[in-house]
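Residue numbers start from 1 in every chain, and the chains themselves are labelled A, B, ... in the order their sequence lines are given, proteins ahead of strands. FYI, side chains are in, hydrogens and waters are out, and symmetry mates aren't considered; it's all heavy atoms of this structure.
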Amino acid sequence: MKGLRVAGLTKSFGGVRAVDDASVTFQHGRINALIGPNGSGKTTFFNCVTGMVKPDAGIVTYHDRDITGRGAHKIAHEGIGRSFQLCRVFPRLTAVENLLAAVRPGSIVRALAPARLKSDVDRALELLTRVGIEHLADVEARDLSYGQQKLLELAGVLMADPETILLDEPAGGVNPALIERIGVLVRELNAEGRTFLIVEHNMDVVMSLSDHVVVFDRGRPIAEGPPDVVRADPLVLAAYLGG
Amino acid sequence: MSLVFQSLVLGVLMGGLYALLAAGLTLYFGVMRVVMIAHSAFLVLAAYLAWTFTVHTGLDPMLSLLVTVPLFFVLGVAVQRLLVARLRPATLTMMSVLLTFAVALVVEGMLGFVFSGTHRRIPLSYSGARLELFGASVALVKLIAFGLAVVTLVGLHVLLKVTRFGQALRATMQHREAARLLGVDTDRVAGFGFGLGLATAAVGGTALALDSTIYPSLHWHWIGPLMAIIVVGGLGSVAGAAVAALLLGVGQNLLQIPLGTTWAQTFFYAALFLTLILRPQGFFGGRLAQRF
Amino acid sequence: FGGRPAEGGSGGDGPIRIGVSLPLTGDFSEPGKGVQRGYEAWAKHVNDNGGLLGRQVELTVLDDQSNADRVAADYEKLINSDRVDLVFGPFSTRLVIPAAQVARDYGFLFVEPAGAAAEVFNQGFDNLFYAAPAVAQDHYDYLAEAIIAMPEATRPQTAAYAAMDDPFAQGTANGLKEKLAKAGVRTVVDEVYPPNTTDFGSIAAKIADSRADIVVGGTQYQDAVNLIVALRQLNYQPKLAAFSTAPTNPEFPEAIGAQTEGILSPTGYTPKADYPSNKEFVDFYTREHGAAPTEDEANAWTTGQVVAAAVNASGCADPSPECQRKLIDWLHGNEVQTVVGPLKWDSAGRPQGAHLIQQYVGGEIRIVLPADAKEAELVYPKPAW
Amino acid sequence: MRSGSETFVKAAGLVALAGLVVAFPSLASDPFVLSVGVVIISYAVLATAWNFVGGFTGYISLGHAAYSGLGGYATGLLILRADVNPWVALLLGGLVVAVFAVPVGIAALRVRGASFVIVSIALVLVLLLVFQSWESVTGGSDGLRVPRPFDADVLRPEQHQRFFHLHAVLLAVMLLCWWVIDRSRFGMGLKAIREDEDKARSLGVPTVRYKLAAFVVSAFFTALGGGLYALWFGFLDPIFQFSILVGSNMVLMSLLGGVRSLFGPLVGAVVVGYATEFFKAQYGDTQMHLVAMGVLLAVVVLFLPDGIIPAVRGLFVRLRPGQASIREVTQEELAEEVRR
Amino acid sequence: MPILLCWRLTLAADLLELVDVEAGYGRAALVLRGLTVRVPPASVVCLVGPNGAGKSTVLKVASGLLAPRAGRIVLDGRDVTGRGPQSLLGAGLSHVLQGHSVFPEMTVGENVLLGAYTVRDKARVAERVDFVRTLFPVVGSRWDALAGALSGGQQKQVEFARSLMVSPRVVLLDEPSMGLDPKATATVFEQITRMRDAGTAVLLVEQNARRALEIADQGCVLDLGRVHIAGPAQALLTNPRLGDLYLGRRP
Ligand SMILES: Nc1ncnc2c1ncn2[C@@H]1O[C@H](COP(=O)(O)OP(=O)(O)OP(=O)(O)O)[C@@H](O)[C@H]1O
Ligand SMILES: Nc1ncnc2c1ncn2[C@@H]1O[C@H](COP(=O)(O)OP(=O)(O)OP(=O)(O)O)[C@@H](O)[C@H]1O
Ligand SMILES: CC(C)C[C@H](N)C(=O)O
Ligand SMILES: [Mg+2]
Ligand SMILES: [Mg+2]
C-alpha cells in the first residue's frame with residue numbers, strides 16, 4: 001500500500017508511555033491532520049516516524065518498505081520531510097543557504113560539486129518567493145522574525161523535495177494573516193501530489209485544511225475520519241475539544 | 001591480600017580528594033555550562049597560597065583556608081563578572097574553553113613569575129604520621145584531605161539542591177530572562193555560583209598541597225582526570241561526580257597492582273570513553289553529555 | 001622578523017661570545033638556573049683572570065622554556081643570528097639531544113653539563129662531550145660494588161626499584177638493578193611512573209608490601225620527596241634507601257620532614273674534593289653567591305673548563321668549521337683536569353669515571369663511597385625514618 | 001553578487017601571497033629566521049588542517065596534537081623500523097593516521113560541544129601515556145630520532161629552505177581542498193551540522209558520515225603536517241608531541257584568524273608564531289610570556305570572537321554604502337502591492 | 001499612516017503607561033518607533049500584529065528586560081524607566097515570556113515554586129500550589145518530572161502555572177495560548193478574565209487574535225513598531241479593514 005503506515009508503535013520515556021501501541025494509516029496524497037491534547041504523543045510520534053528517536057516497538061512502513069529505526073537522514077532520503085514544533089533554522093546561514101543545505105548531494109563526487117549551482121539557487125529563490133520572503137534571501141536566519149523563520153523552515157523542508165511532509169504546529173505563534181498564506185501554499189503543494197501530515201491545535205486551520213483527521217489521546221489514536229465527523233465524535237469532544 | 005586492602009584504602013582516600021578537586025568543575029560545567037579549564041590552575045594557586053602561608057607564619061596550612069576561601073570566592077565572582085559574562089550566550093560553552101584556557105595560562109605564568117618553577121612541598125611535622133586500620137596504614141594527611149572533601153561536597157550538595165540560592169542558580173543558568181522575571185538577581189547569582197566553584201578550589205588546593213609537591217605547570221596534569229570524573233559521573237551532578245571519583249580512585253589504585261602506574265592512569269580515559277559509548281548521560285544521573 | 005645583522009663574527013680581539021640555551025622556565029627551571037649560575041660564575045672567573053686567549057668571554061643565555069622544539073630554535077638562533085663563537089649545552093637529556101643535533105649540523109663543538117642518559121651517546125654525535133664524571137648507568141657503580149662486597153649474612157636479598165619515566169632517571173636505577181641482579185639480589189618491585197606523577201601512595205604500597213631489603217629510586221627531585229613521604233606513611237623501613245639527584249638538593253631535608261638519616265645518593269661533585277681547580281672554584285663561587293656550589297653549578301663550571309682547555313690547546317675560538325673541528329678533535333684525544341676530577345671521553349662523548357656515593361650521616365650529607373674519598377662510614381642498615 | 005574588481009583584487013592578492021611564500025627563503029636574513037619561517041608555516045599547516053573539522057562542523061578539538069604526533073611517529077617508525085623511503089613513509093603515515101581516525105571519530109563524534117572537547121583532550125593524554133610507556137615500539141620517553149630525508153651534503157640552511165617549500169606545497173594543497181569543500185554541497189552540509197545537527201539530519205544530511213569524513217580529512221592533513229615537521233626537526237619527544245598546548249595552539253590560531261575564512265588559520269598562525277617569538281624575546285627567562293599569551297588569547301575571545309579576517313572584512317562592509325535587504329512595509333501596504 | 005494611542009474612556013489612573021517609547025536590540029535599527037500604550041487597572045489590553053511587529057519587544061521594555069532608547073515607562077504613576085525586572089517585580093509587575101521559558105533541567109515542582117521566589121509566606125505558597133495543581137492537572141501529575149521532558153504544550157502550561165504563583169497588579173502575557181490544546185487555552189483565557197475581575201491590569205499579546213479580543217477591553221494593532229489602530233476590542237473585531245490583514249478571516 002502506498003504511503004505511510006504505522007503499526008503498534010510504542011515509545012516510553014522512563015515511566016511515561018508517550019506513544020502507546022499506536023497503529024495509524026494516513027491517506028496518501030491528501031492533507032491529514034493529527035490532533036490531540038497536550039502531551040498525547042503527537043511530537044513523539046513524529047520523532048519516531050522520522051527517525052529522530054528510536055521507537056521501543058512497532059513498525060513504520062513507507063510505500064511498504066520498513067523504515068523503522070532507520071537514521072533520520074535515511075528516512076529523509078525516502079522522501080519524508082518534517083518541520084519542528086519550535087521552529088528550527090540554521091541561524092548563521094542566510095535564507096538561501098538554509099535552503100541549499102537541504103539539497104541532497106547524492107554520490108560523493110556530486111557532494112563535492114559547488115553548492116551554489118545555478119539550478120539549485122534558482123529553485124531556492126523560487127521557493128522563497130512562494131513563501132513570500134524572497135527579499136530576505138541574503139539575510140542570516142537569526143535576524144528573521146519568528147513568523148519569517150517559520151516560513152523559511154517550511155521552504156527548507158520543501159527544498160529537500162519530500163513526497164510526504166510532516167508539519168508540527170505550523171500555525172503556532174504565526175499571525176493569522178500569515179496562517180492563511182501557509183494554508184494556501186499547503187493546498188497548492190497538495191495539488192502537486194504531496195501528502196501532508198499536520199499537527200495543529202488551531203481548530204480553524206485543521207477543519208478548513210484537512211481531508212482526514214486522526215485524534216490522539218494518551219499515545220494512541222482514539223478516532224479518525226473526515227473533519228466534520230471527528231469534530232462531532234463524543235470521544236474527541238471529551239478528550240480534546242472539551243464539552 | 002593485604003596489598004589489595006591497602007590499595008583499596010588508598011583508593012578511597014584518593015577518590016575523596018579527586019571528588020573534592022572535581023567539585024567546582026561540576027558546578028561550572030553542569031550548572032553553568034562553562035568549561036572551566038582554569039579550575040586546576042586555581043587549585044595550584046590555592047596550594048601555593050597555603051604553602052606561602054605555612055612557610056611564612058609557621059602555622060598549619062589548614063588555617064590558610066580562612067583567607068583563601070573568601071579570597072577565591074571574590075576572585076570567582078570577578079572572573080565571572082568581568083570575563084565569562086561577556087561571552088555571547090550562543091557560543092558560551094565553546095568560547096569559555098578558550099577564555100578559561102587563557103586564564104589558566106595567566107595564572108600559571110604568574111605563579112612561575114612569583115614562585116619560580118621550583119617544586120615545593122609544605123613542610124609538615126605530621127607528613128609521615130599514620131593510623132592503623134585493620135592492618136592498613138592510613139596517612140593522617142590523606143585522612144584530613146578526605147575529611148575536607150566530605151564536608152565540602154555535602155555542603156555543596158545541600159546548597160545546590162535545597163537552598164533558595166541553589167534554586168536561583170540553576171534557574172539562572174537554564175533560562176536567564178525567565179529567572180530575572182521571577183525576581184532573581186541573575187548577575188549576582190551567576191557571580192556567586194562561580195565564586196562558589198572557586199571557593200571549592202581553595203579547599204581542594206589546600207588539601208592537595210598537604211600531601212604532594214606543587215609547581216606552576218602541575219595543573220595540566222589534573223585537567224584530564226578531573227574532566228574524566230565529571231563525564232563519568234554525569235555532567236552537573238555533584239553526587240555523581242563524587243561516586244565516580246571514588247570508583248575511579250579505587251579502580252586506579254587496584255589496577256596499579258597488576259598494570260603499573262602508567263597503564264593504570266589510562267583507566268580514567270578508558271572509563272571516559274566507555275561512558276560516552278555506553279551511557280553518555282553518565283552513570284549516576286546528570287545531564288546528557290551527548291547534547292552538551 | 002629580520003634577525004640582527006651579524007656583529008662581532010669570527011676571530012679578532014673582540015670578546016669570545018658563547019651561546020647557551022637553558023631551561024630557565026618550565027619543568028627544568030630549577031636546575032636550569034643552577035647551571036646558569038655556574039656558567040656565569042665561570043665566565044666571571046675567566047674574565048677576572050685575563051680571559052680566554054687573552055679575550056674576554058661573553059655569555060648569551062636564552063631560555064628554552066624546557067621545551068625540545070624551543071631548544072633547537074635557540075641554538076639555531078645563537079649560531080646564525082647571534083653568530084656566537086662557541087656554544088655550551090643545556091640542562092637535561094631531553095633537551096640535550098635536539099640541541100646537539102643543531103650544533104652538529106653547523107659543525108659546532110657541543111660540551112654539555114647535563115645529558116647523562118645512555119641515549120645521548122648512541123645518537124652518533126661526534127661533537128658531543130658530557131662534562132661530568134659518569135653517565136647515568138654508572139652513577140651507582142660504587143654502591144653496587146659495596147653491596148656485592150658485603151658478607152652474605154647481612155647482604156640485602158631483595159630490592160625494590162621505582163624510576164621516573166625519564167631517560168636519565170631510569171638509567172640510574174637500571175644501572176644499579178642490572179649489577180645487583182647479576183650478583184643475586186632479587187628484584188621484587190620494578191615500577192616506572194610518568195614524570196608528572198604526584199600520588200605515590202600505590203607505588204609505595206607495592207614496595208612496602210614486598211618488604212624489600214633495599215629501595216632504589218631513579219628520581220629527579222619532587223618524585224623522590226613524594227615517594228619517601230609515601231613510604232613513611234606506610235611505615236616501610238628498608239635497610240638501605242638510595243635516590244638519584246634529589247637528596248643532594250639543599251631543600252631536600254626540609255621537604256621530607258627532616259627524616260633523612262641514612263638516605264643515599266650518587267653525586268658527580270663535592271665541594272670538598274681536592275682536585276686542583278676545585279678549591280679555587282668553591283672559594284670563588286662562595287664569595288660570589290654566599291653559598292657553596294652544588295652539582296648543577298659544578299657541572300656548568302666543568303663545561304667551561306673543558307671548552308677552555310680545548311680552546312687554549314687549539315689556539316682558536318671562532319665559529320669556523322676548521323676551528324670547531326680542531327676543538328672537537330683535541331677533546332677526543334686528551335684528558336682535561338676539572339673540578340669533578342680528570343675527565344676523558346670515548347668516541348661518543350661518554351666520560352669514563354664514576355660518581356661518588358653520598359649519605360646523610362648525622363644530619364649532614366657526606367661522601368661514604370668510594371673508600372679512598374670517603375668522609376664518613378657507610379651506615380648500614382639505615383636507621384628508621 | 002560579486003563584482004569583477006573584487007575578483008581581480010582577490011586574484012592579485014593570491015598571486016602576491018604565493019610569490020611571497022616562494023621568495024621567503026631567499027629574503028630571510030639568516031638560517032635562524034628561515035627556521036622560524038618553517039615553524040610558522042608548519043603552524044599554518046596544522047591550523048588549517050584543524051580547521052577542516054573545527055571550522056566546518058564547529059566541533060572544537062583541543063586534542064589535535066594527537067594526529068600530528070601520530071603522524072610524526074608513524075613517519076619516523078616506518079622509516080626506522082620498516083626501512084621505508086622517507087617520503088613514502090610520510091604519505092603512508094598520513095594514511096595510517098587517517099585509518100586510525102575512523103574508529104576514533106565514530107566514538108568521539110557521538111558527543112557534542114564541551115563533551116567532545118573533553119574527549120579530544122583525553123585522547124591526547126592517553127596517547128601520551130601509551131607512547132611514553134610502550135618503549136619497545138615507540139622508543140618510550142627517550143624519544144625517537146627521525147633520520148633526515150636528505151643526504152648529508154644538504155646543509156642545514158638548505159634543508160630549512162627545502163622544508164619551507166615542502167610545507168608550502170602541503171599548505172597550498174590543503175587550502176585548495178578547503179576551498180573546494182567550502183563551496184560544495186558537502187561543505188554546506190557540514191555547516192548545517194555546525195548550526196543545528198538534528199535539523200540537518202532531518203533534512204537528509206548524513207551527519208555521521210559527513211562529520212566523520214571531515215574528521216578523517218582533518219586528521220590526515222594534520223598527520224602529514226606532523227610527519228613533515230618530524231622529518232624536518234628530526235626528534236620526537238612524546239611529551240611535546242602529545243601536548244594539550246600544541247592542540248590549543250591550533251585552535252587559538254584558527255580562531256584568531258577566523259574559522260570561517262579560508263586564510264583565517266594561516267593569518268592566525270603568522271600572528272601567533274610571530275607573537276610567540278616576540279614574547280619570548282621580550283620576556284625570555286620569566287614566565288611572563290605565558291601571561292602575555294594568555295592575555296592575547298583572552299582579548300581575541302572577548303573582542304574578536306569571529307577572528308581577524310571577519311573583523312577586517314566587517315570594517316570594509318561598514319565603510320561601503322549600506323544595502324537594505326529587509327523590506328519595510330506594513331501589512332496594509334503589502335496587501336496593496338499584492339493586489340496590484 | 002495613522003498614529004493613534006491606545007485610547008480609552010476610564011476615569012481611573014492607568015496602572016501601566018508606556019509613553020513615546022523607542023527601543024531596539026544592540027546596534028541594530030529601532031524596533032519600536034515612538035509608541036504609547038496605556039493599561040488601566042482591572043482591564044485587559046490586547047496587542048495584536050504581524051510577526052516581527054515588535055509586540056514582544058513592547059513587553060520586554062515594559063518589564064525592564066530591555067532598556068528603551070527614548071520615552072517613559074510609568075507604573076502606577078511613578079516613572080520606572082530604566083529599572084530592572086527585579087525591582088519592577090517588587091512593584092507588582094510580572095511578565096510571562098513568549099516561547100519556552102521553563103527551566104528544563106529542574107522539576108515541574110521546582111519550576112512552579114520558583115514562581116514564588118519572592119514570596120516569603122509559606123502558607124500562601126502552599127495555597128497557590130494547590131490552586132495551580134488543580135487548574136492544570138499535568139502540573140500535579142508530573143510534579144517530580146524534569147520540565148524539559150514535557151511536551152511543548154505541557155511546558156507552556158507549567159509556565160503559566162508558574163506565573164500564577166504571585167498575584168501582581170500588572171501582568172504582561174506574551175502569547176500564553178501558543179501550543180496549548182483547546183481545553184488548556186480555555187483555562188488560560190478564563191484565568192485572564194478572572195485576574196482582570198480581581199483588579200489586575202493585563203497586557204496581553206496574542207496571535208489567537210479574535211479569541212483574545214473577545215475577552216479584552218481594549219485592543220491595539222501594532223505594525224512596524226508603531227501603534228497602527230487602537231480602540232475598544234469589540235470595535236477592532238468588527239473593523240472590516242483589520243480582518244484580512246491582521247486578525248485572519250472570520251471562521
Ligand atoms: N534579540 C534580538 N536581537 C535582534 N533583533 C531582534 C531580537 N529580538 C527581536 N528582534 C527583531 O525585532 C523585531 C521585533 O521583534 P518582536 O519579537 O518584538 O516581534 P513580535 O511582534 O513579538 O513578533 P512575533 O509575533 O513573531 O513574536 C523583529 O524584526 C525581530 O527581527
Ligand atoms: N525526552 C522526553 N523525556 C521524557 N518524557 C518525554 C520526552 N519527550 C516527551 N515526553 C513525554 O511524552 C509525552 C508525549 O509528548 P509529546 O511531545 O509527544 O506530546 P505532544 O502530543 O506533541 O504534545 P503538545 O501538543 O504539547 O506538543 C508527554 O507526556 C511528555 O512528557
Ligand atoms: C645528573 C643530572 C645533571 C642529569 C640530568 N638530570 C639529566 O636529565 O640528564
Ligand atoms: Mg508536540
Ligand atoms: Mg513575539
Non-hydrogen side-chain atoms of C/M164 and D/S141 separated by less than 4.5 Å: no
Taking heavy atoms only and a threshold strictly under 4.5 Å, list by residue number the residues of residues 235-247 of chain D that touch chain C; give 'none' if the list is empty. D/F235, D/D237, D/I239, D/F240
Are any of the side-chain nitrogens in C/E119 or D/R145 under 4.0 Å away from the carboxylate oxygens of its partner? no
At a 4.5 Å cut-off on heavy atoms, which part of C/S66 comes close to chain D: side chain, backbone, both, or neither? backbone
Pick from C/I97, C/D64, C/I79: which one has the most heavy-atom pairs with chain D under 4.5 Å? C/I97
Between NZ of C/K77 and CD of D/E277, what distance do you get to the nearest 0.5 Å? 8.0 Å
Please name the pair of heavy atoms, one in D/F32 and one in C/S81, separated by the smallest distance, quoted to 0.1 Å. CD2-OG, 3.3 Å
Kindly compute the distance separating CG (C/N80) from NE2 (D/H160), expressed to the nearest 0.5 Å. 7.0 Å
Looking at D/F278, I'd like to know if its CZ atom is crowded, meaning that more than 12 non-hydrogen atoms belonging to other residues, nucleotides or ligands lie closer than 6.0 Å. no
Side chain / backbone / both / neither for C/Y75 at chain D, heavy atoms under 4.5 Å: neither
Between C/T25 and D/H289, is there a side-chain heavy-atom distance shorter than 4.5 Å? yes
Tell me, please, which residues at least two apart from C/Y161 pass ring pair (Phe, Tyr, Trp, His ring centres under 6.0 Å). none
Sort C/V102 into side chain, backbone, both or neither according to what part of it lies under 4.5 angstrom from a heavy atom of chain D. both
Is any side-chain heavy atom of C/P194 closer than 4.5 Å to a side-chain heavy atom of D/L129? yes
Could you tell me whether the side chain of D/T276 reaches within less than 4.5 Å of the side chain of C/R70, counting heavy atoms only? yes
Which value, rounded to the nearest 0.5 Å, describes the distance between C/L62 atom CG and D/K280 atom NZ? 5.0 Å
Tell me, for C/D74 versus chain D, whether the close heavy atoms (under 4.5 Å) come from the side chain, the backbone, both or neither. side chain
Taking the side chain as everything from C-beta on, heavy atoms only, tell me whether D/V39 gets closer than 4.5 Å to C/E76. no
Considering all heavy atoms of both residues, which atom of C/A68 and which atom of D/F233 are nearest to each other, and what is their separation? O-CZ, 3.3 Å
